**Student:** 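Shown below is the structure under consideration.
In the text below, chain A, chain B and the rest are named by the order of the sequence lines, each starting its count at 1. Computed from a predicted structure; not experimentally measured.
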Number of protein chains: 2
Amino acid sequence: MEPALIITTLNSIAPLEQGAIAAFLDLCEEISIPRNEYLVRQGERTPYAYFLEEGVVRVFFNNEGNEYNKTFFVPGMFPTPITALISGEPSQLGFQALVASKLTRFSYQGFRALFKSHPCLESLMLRILELEWIKKERHDIRMVTNDATTNYLVFRKEYPGLENQIPQYHIASYLGITPIQLSRIRARLAKGQ
Amino acid sequence: MEPALIITTLNSIAPLEQGAIAAFLDLCEEISIPRNEYLVRQGERTPYAYFLEEGVVRVFFNNEGNEYNKTFFVPGMFPTPITALISGEPSQLGFQALVASKLTRFSYQGFRALFKSHPCLESLMLRILELEWIKKERHDIRMVTNDATTNYLVFRKEYPGLENQIPQYHIASYLGITPIQLSRIRARLAKGQ
DNA sequence: CCCATTCCTTAACATATGTTAATGCGCAGC
DNA sequence: GCTGCGCATTAACATATGTTAAGGAATGGG
């Protein structure tokens, strides 16, 4: 495959040797996925890690019909069931494309198998997890601290334009409120301005 | 220092060479901390990673006087400001001993400096982050999915005896409710049983 | 031993948010 | 160009939880 966004992204995270890059690219394949299709279904096993080149993906948890969106992925991010890949268990989370998307995917086991011959890839993996950890912690603190209105405004800043590409009930679920409540918030904001 | 709980814990996470263990132990020092003292204050920098040998520690976020307990640590866990250590920024989280506690601490930079000569320590670090990630994800899913009553019951199972060692407002904050609400839940449970 | 502090409980009240339901807009398929 | 479906909005209502306040048990210090 041709080195797309993923290579520049990985290189900006940690320095990689040429040999490691080549070996890694051998594992990669590009896939396209239509709107509303699933990368990973809840309860399903998958061998793949994913990198989003174009589009939007959501990750969510479904409990008795109620869905909770954990976060949205935009290009440059990794919509990957880390826990499932690490633990070997079926994924507790579902991953769904919200618009037609292009992704790079690669076998996680294959990737780990490269660590012995290319230690820089293990350092890369550690660095990625570190960065994800930081991101998640900041996110968690924000969500707990702010009220829904503030988090809605943050969402709009963090994902410019996304608001108009996906149904509002996905945003509401992400904010931890009902679509009705989000509608009330939007009405209040429109009036207050 | 004498190899205490931390060594058996680390060995159970990932296999370590003798040389690596010795080099690591050189970095370690044991500390005791009285009840209600802070390991790390919010807004403070710290060079240390911590491992809890005995006692209880909470990690919390404070926003304009409102405190949000993220989790509790019991022996065998790492009450460590990972994000602060990785990013070099002041810690957004506070770490406080809720009962008199014993910990092992070590310089995080010193630890990372060992990665070059002891790659197994880097693998260990990666493994620890992986396990923490899994734990956090399961925790997050539970907290979102369940109501406060269920989460309270889970808390009692997950931290046996802890309920009687710490004030209930810390538990309420952990559950995301007010102490009054927790009191109502407890009253209902006592009656319903 | 007593007092003060801390913290849990209970009640009365206020309020934000969920629930149910009806309305209407806009897009897609026929 | 209709027609139907999916989705957002709005209103009326129900309810859970926060707020304020008061009282009482337990604990620790003088």
Side-chain angles (χ1 to χ4, degrees), chain A residues 34-37 56 58 60-69 72 96-100 143-156 159 161-193, chain B residues 34-37 56 58 60-69 72 96-100 143-156 159 161-193:
Chain A
R35 189 177 123 109
N36 290 336
E37 257 322 296
V56 180
R58 73 172 175 128
F60 65 98
F61 180 76
N62 182 311
N63 183 59
E64 298 168 2
N66 298 315
E67 291 200 347
Y68 304 90
N69 286 332
F72 301 103
Q96 183 187 28
L98 294 180
V99 307
M143 295 302 272
V144 174
T145 301
N146 300 330
D147 60 17
T149 303
T150 309
N151 280 328
Y152 172 58
L153 293 171
V154 171
F155 163 84
R156 296 208 300 197
Y159 301 99
L162 184 50
E163 176 174 33
N164 302 315
Q165 293 177 62
I166 64 179
Q168 280 179 36
Y169 55 76
H170 280 325
I171 303 171
S173 162
Y174 169 76
L175 296 172
I177 58 178
T178 58
I180 289 94
Q181 182 61 10
L182 176 55
S183 198
R184 285 196 276 241
I185 288 173
R186 286 160 52 84
R188 237 178 280 143
L189 287 174
K191 213 169 271 177
Q193 279 291 346
Chain B
R35 188 178 122 109
N36 290 336
E37 256 322 296
V56 180
R58 73 172 174 126
F60 65 97
F61 180 76
N62 182 310
N63 184 59
E64 297 169 3
N66 299 314
E67 290 199 347
Y68 304 89
N69 286 332
F72 302 105
Q96 182 187 30
L98 293 179
V99 307
M143 295 301 272
V144 173
T145 302
N146 299 330
D147 59 17
T149 303
T150 309
N151 281 328
Y152 172 57
L153 294 170
V154 171
F155 163 83
R156 296 208 299 199
Y159 301 99
L162 184 52
E163 175 174 33
N164 303 312
Q165 293 177 61
I166 64 178
Q168 279 181 35
Y169 54 76
H170 280 325
I171 303 172
S173 162
Y174 169 74
L175 297 172
I177 57 179
T178 59
I180 288 93
Q181 182 62 7
L182 177 55
S183 197
R184 286 196 275 241
I185 288 173
R186 286 159 53 83
R188 238 178 280 144
L189 287 173
K191 214 169 271 181
Q193 285 287 351

**Student:** Taking the side chain from Asn69(B) and the backbone from Ser173(B), do they hold a donor-acceptor pair closer than 3.5 Å?
**Tutor:** no

**Student:** Over how many whole Å does the gap from Leu98(A) atom CG to dC7(D) atom P extend?
**Tutor:** 12 Å

**Student:** Starting at CD1 of Ile166(A) and ending at P of dA8(D), how long is that distance when rounded to a whole Å?
**Tutor:** 10 Å

**Student:** Please state how far atom CD in Gln181(A) lies from atom P in dT20(C), giving the value in whole angstrom units.
**Tutor:** 16 Å

**Student:** List the residues meeting side chain to side chain contact (heavy atoms under 4.5 Å, CB included) with Gln168(A), not counting sequence neighbours, and say none if there are none.
**Tutor:** Leu182(A), Arg186(A)

**Student:** Is any side-chain N or O of Thr178(B) closer than 4.0 Å to OP1 or OP2 of dG18(D)?
**Tutor:** yes

**Student:** Specify the angle, to 10°, made by the local axes at the two ends of the helix from dC1(C)-dG30(D) to dC30(C)-dG1(D) when five pairs are taken at each end.
**Tutor:** 40°

**Student:** Ile177(A) CD1 to dT15(C) P: how many Å, rounded?
**Tutor:** 21 Å

**Student:** Answer yes or no: are there more than 12 heavy-atom neighbours, outside Arg156(B) itself, under 6.0 Å from its atom CZ?
**Tutor:** yes

**Student:** Measure the distance from CD on Gln165(B) to C1' on dC7(C) and round it to the nearest whole Å.
**Tutor:** 17 Å

**Student:** Would a distance-only check, ignoring hydrogens and angles, find a side-chain to backbone donor-acceptor pair under 3.5 Å from Tyr68(B) to Gly176(B)?
**Tutor:** no

**Student:** Tell me: CZ of Arg184(A) to P of dT10(D), nearest whole Å?
**Tutor:** 11 Å

**Student:** Toward the 5' end of DNA chain C, which comes first, Ile180(B) or Arg35(B), by nearest nucleotide?
**Tutor:** Arg35(B)

**Student:** Mind calculating the distance between CD1 (Ile185(A)) and P (dT9(D)) to the nearest angstrom?
**Tutor:** 11 Å

**Student:** Scan Ala187(A) against the nucleic acid and name what it touches under 4.0 Å (heavy atoms): base, sugar-phosphate only, or nothing.
**Tutor:** sugar-phosphate

**Student:** Is a donor on one side and an acceptor on the other found under 3.5 Å between the side chain of Gln96(B) and the backbone of Asn36(B)?
**Tutor:** yes

**Student:** side-chain hydrogen bond (donor to acceptor under 3.5 Å, both in side chains) with Asp147(A): which of Thr145(A), Thr150(A), Thr149(A)?
**Tutor:** Thr150(A)

**Student:** Rounded to whole angstrom units, what separation is found between the CG atom of Leu182(A) and the P atom of dC7(D)?
**Tutor:** 14 Å

**Student:** Ignoring backbone atoms, establish whether Tyr169(A) has a side-chain N or O less than 4.0 Å from OP1 or OP2 of dA8(D).
**Tutor:** no

**Student:** Taking Tyr159(B) for the side chain and Phe72(B) for the main chain, is one N or O donor matched with an acceptor at less than 3.5 Å?
**Tutor:** yes

**Student:** Would you please confirm or rule out a distance under 4.0 Å between OP1 or OP2 of dT6(C) and any side-chain N or O of Gln168(B)?
**Tutor:** no

